[in-house]
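Here the structure is laid out as structure tokens; the discussion comes afterwards.
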Amino acid sequence: MQRLEQHASFGGRQEVWQHDAASTGTPMKFGIYLPPAALAGEKCPVLYWLSGLTCTEQNFITKAGAQQWAAQHGLIVVAPDTSPRGAGVPDDAAYDLGQGAGFYVNATQAPWAAHFRMEDYVAQELPALVERHFAALPVRGISGHSMGGHGAITLALRHPGRYRSVSAFAPICAAAQAPWGRKAFAAYLGDNPAAWQAHDATALIARPLSERLPLLVDQGEADEFLPQLRPDLLQAACERAGHPLTLRMHAGHDHSYYFMASFMADHMAHHAAALRAP
Ligand SMILES: N[C@@H](CCC(=O)N[C@@H](CS)C(=O)NCC(=O)O)C(=O)O
């Protein structure tokens, strides 16, 4: 484990670390914000943030403006990279497959299967590492944007009991039906409809579930990717299943971090209410 960056921020500290990840077999970087409470030695709950296509661990920590709210609520915020990277890691010339586009699944198909194990990394290995090395409680929330919103919702649904809160900005709500998701799933999971459904938020919500965490979703109405995101399908599935959903549509907002920064305070409060509850 090597610390690559540290910056004082809102009485706490934004850090970036790199470590050799067993699940991906590569070095992985992640951002971690330590609120003032954690620096004072108090163990704090952890919000995991999953970024979208093309992002690294940097996008969220430099553009979302989440540190001030994390400081206020006493939340650690961990933002991993979106895929394994490096010379020995397969890639694709397109931005929406390979490095920067891990889709938070464990790939089963060549050439991806050896390294693209982002579900194991995010849901298991990274929390274990964070809870071992930082002032972190095993009390977790998960959120994300676009591909990362898909990751946050599907990981929360696939791992009942692991997270206490979940939210998303402009998530890919039905990845098995979206061009981005279909391309990634075909590559990573192969021609296997059952595996695709098992990583599709809308399909998962329709299943009988032991846990239904209230889901907060914000979506810009001027989002250029709206046809891929399909919050309408998520909403219909939630209504049918009785899954608690707060879906907020925002006129004039696009797919960017300007949109997310505008509503980040609400997401941090949503997570803090669940993660800091006695
Ligand atoms: N700009 C990309 C689309 C990818 C994109 O918009 N990525 C979003 C996540 S899906 C993002 O967060 N980009 C980085 C940023 O805004 O900092 C393209 O069309 O080539």
Side-chain angles (χ1 to χ4, degrees), residues 5 7 9 14 16 28-33 47-67 77-85 91-105 116 118-119 121-122 142-155 166-188 199-202 216-234 247-250 252-264 267-268:
E5 294 182 35
H7 313 280
S9 178
Q14 179 66 57
V16 176
M28 289 293 295
K29 290 182 190 172
F30 63 91
I32 182 165
Y33 178 72
L47 175 63
Y48 290 85
W49 172 269
L50 306 182
S51 288
L53 292 166
T54 75
C55 292
T56 67
E57 81 292 342
Q58 290 289 325
N59 300 69
F60 175 79
I61 66 176
T62 56
K63 294 167 110 173
Q67 289 90 351
V77 185
V78 173
D81 199 351
T82 55
S83 78
R85 294 180 194 271
D91 199 7
D92 186 274
Y95 75 93
D96 54 2
L97 188 67
Q99 298 187 30
F103 271 84
Y104 307 103
V105 301
F116 282 72
M118 289 301 286
E119 179 170 18
Y121 179 67
V122 168
I142 191 160
S143 185
H145 171 226
S146 196
M147 173 183 75
H150 141 81
I153 300 170
T154 57
L155 292 189
V166 58
S167 77
F169 289 90
I172 302 170
C173 293
Q177 297 185 50
W180 277 335
R182 295 182 66 81
K183 179 179 177 181
F185 286 0
Y188 300 147
H199 291 280
D200 177 298
T202 294
L216 170 63
V217 173
D218 278 321
Q219 174 63 58
E221 287 178 353
D223 186 324
E224 56 276 37
F225 299 113
L226 202 44
Q228 296 239 30
L229 304 175
R230 301 302 305 269
D232 55 311
L233 295 178
L234 180 71
L247 171 63
R248 308 190 306 182
M249 301 298 293
H250 301 283
H253 279 282
D254 60 18
H255 197 63
S256 69
Y257 272 89
Y258 295 104
F259 157 56
M260 289 186 269
S262 303
F263 302 102
M264 193 55 68
H267 284 247
M268 300 300 283

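Both counts, for ligands and for their atoms, begin at 1 and track the order of listing.
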Can you classify the ring geometry of F259 versus H253 as parallel (below 30°), tilted (30 to 60°) or perpendicular (above 60°)? tilted
Can you confirm if the aromatic rings of H145 and F60 lie within a centre distance of less than 6.0 Å? no
Under 3.5 Å, side chain of S167 to main-chain N/O of S143, donor-acceptor pair present? no
Would you say Q67's side chain and I61's backbone share a donor-acceptor pair under 3.5 angstrom? yes
Non-neighbouring partners of Y33 that pass ring pair (Phe, Tyr, Trp, His ring centres under 6.0 Å), sequence neighbours left out: none
Between T82 and L53, is there a donor-acceptor pair closer than 3.5 Å when you use the side chain of the first and the backbone of the second? no
Quick check for students: name every N or O atom pair between ligand 1 and the protein closer than 3.5 Å, with distances.
residue  : atom   : partner : partner atom : Å
ligand 1 : 7 (N)  : L53     : O            : 3.0
ligand 1 : 17 (O) : N59     : ND2          : 2.7
ligand 1 : 17 (O) : K63     : NZ           : 2.7

